Trainee: 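Sharing a structure with you now.
Since the structure is predicted, the reported quantities are computational estimates derived from the model, not experimental observations.
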Amino acid sequence: MKRKKVIKEDKILTVIGKETMITGTLKGSSPVRIDGGVEGEVHIDSDIIIGEGAVIQANVKGHNIQVAGRVVGNIEASGKLEMLTTGVVEGDVNVHTLHVADGAMLTGNCSMQRAPERKEVQKKANT
């Protein structure tokens, strides 16, 4: 069965290249692809792709996050965290949905947030 892509790579507006290292806080509201390095914090109000070979020494917060590189720090994904076969995460993750491919490594604690019950959503919509 073919999986639907959660992150649409053609919608990415910002790319941090392989030869680029950012120290500090990376903030934004549009999708980001990181193929280089970041040391500090990453707060994106959208999707994040961490490419193979990327090294992130930071806490990462975003909507859907795909990891093919290495993250040393905590991850918070309000949507889906997808770890590809080359992905390594050393830190705690707090996610709505988690997908870990064979070969990926997660060292840390995992907390998953349950989606609101359908009845609760309908109650709130009716009030």
Trainee: Which pair of non-hydrogen atoms, one from Arg33 and one from Gly51, has the smallest distance, and what is that distance?
Mentor: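 It is NH2-CA, 4.0 Å.
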Trainee: Would you give the length of the straight line joining atom NE2 of His96 to atom OG of Ser111, rounded to the nearest 0.5 angstrom?
Mentor: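 Spacing of NE2 (His96) from OG (Ser111) equals 14.0 Å.
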Trainee: Report the C-alpha distance between Lys80 and His99 in whole Å, list the side-chain angles of each, state the deciding distance to 0.1 Å, and finish with yes or no for side chain to side chain contact (heavy atoms under 4.5 Å, CB included).
Mentor: CA-CA 8 Å; Lys80 180 178 186 176; His99 179 263; 3.7 Å; yes
Trainee: If I compare all heavy atoms of Ser30 with all of Ile44, which pair ends up nearest, and what's the gap?
Mentor: O-CG2, 3.4 Å
Trainee: If you draw a 6.0 Å radius around CD in Glu41, do more than 12 non-hydrogen atoms from other residues or ligands fall strictly inside?
Mentor: yes
Trainee: Hey, does Thr25 have a side-chain heavy atom less than 4.5 Å from the side chain of His43?
Mentor: yes
Trainee: Heavy atoms only: give me the nearest Gly36-Ile56 pair and the separation to one decimal.
Mentor: O-CD1, 4.4 Å
Trainee: Between Val88 and Val71, is any pair of side-chain heavy atoms under 4.5 Å apart?
Mentor: no
Trainee: Under the side chain to side chain contact (heavy atoms under 4.5 Å, CB included) rule, what do Val32 and Ile49 come out as? Steps first, then yes or no, please.
Mentor: CA-CA 6 Å; Val32 173; Ile49 294 177; over 6 Å; no
Trainee: Do Thr107 and Val89 have side chains that get closer than 4.5 Å, going by heavy atoms?
Mentor: no
Trainee: Assess the residue pair Thr97 and Leu81 against the criterion (side chain to side chain contact (heavy atoms under 4.5 Å, CB included)); give the C-alpha distance rounded to whole Å, side-chain angles, the decisive distance to 0.1 Å, and a yes or no.
Mentor: CA-CA 6 Å; Thr97 305; Leu81 171 61; over 6 Å; no
Trainee: Step by step, work out the side-chain hydrogen bond (donor to acceptor under 3.5 Å, both in side chains) result for Ser78 and His63.
Mentor: CA-CA 5 Å; Ser78 59; His63 182 60; 2.9 Å; yes
Trainee: Quick one: are Cys110 and Leu98 in side-chain contact, heavy atoms under 4.5 Å?
Mentor: yes
Trainee: Once rounded to the nearest 0.5 Å, what's the spacing between atom CD of Gln57 and atom CE of Met21?
Mentor: 6.5 Å
Trainee: Could you point out which residue of Asn109, Val93, Asn94, Asp92 forms a side-chain contact (heavy atoms from CB on, under 4.5 Å) with Asn74?
Mentor: Asp92
Trainee: Locate the shortest heavy-atom distance separating Leu84 from Ala104; write the atom from each residue and the value.
Mentor: O-CB, 3.2 Å
Trainee: Looking at side-chain heavy atoms only, is the closest gap between Ile48 and Val42 below 4.5 Å?
Mentor: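 Yes, side chains in contact.
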Trainee: Does a side-chain heavy-atom distance below 4.5 Å link Val60 with Ile65?
Mentor: yes
Trainee: When rounded to the nearest 0.5 angstrom, what is the spacing between CD in Glu52 and OG1 in Thr86?
Mentor: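 The CD atom of Glu52 sits 4.0 Å away from the OG1 atom of Thr86.
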Trainee: Please round to the nearest 0.5 Å and tell me the distance separating atom CD1 of Ile50 and atom CG of Asp35.
Mentor: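 It is 10.5 Å, given to the nearest 0.5 Å.
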Trainee: Let me confirm one number: the CG-CG distance from Asn64 to Asp47, rounded to the nearest 0.5 Å.
Mentor: 4.5 Å
Trainee: Just wondering, do Ile22 and Glu39 contact through their side chains at under 4.5 Å, heavy atoms?
Mentor: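 A side-chain contact is absent here, since even the closest heavy-atom pair is not under 4.5 Å.
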Trainee: Considering non-hydrogen atoms only, spot the tightest contact between Ser46 and Ser29 and give its length.
Mentor: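 Minimum heavy-atom separation between Ser46 and Ser29: CB-O, 3.6 Å.
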Trainee: Count the heavy atoms belonging to other residues, nucleotides or ligands that lie under 6.0 Å from CE of Met105, then report whether that count exceeds 12.
Mentor: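 At most 12 heavy atoms, drawn from other residues, nucleotides or ligands, come within 6.0 Å of this atom.
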Trainee: Between CD1 of Ile75 and NZ of Lys61, what distance do you get to the nearest 0.5 Å?
Mentor: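 Separation between the atoms: 13.5 Å.
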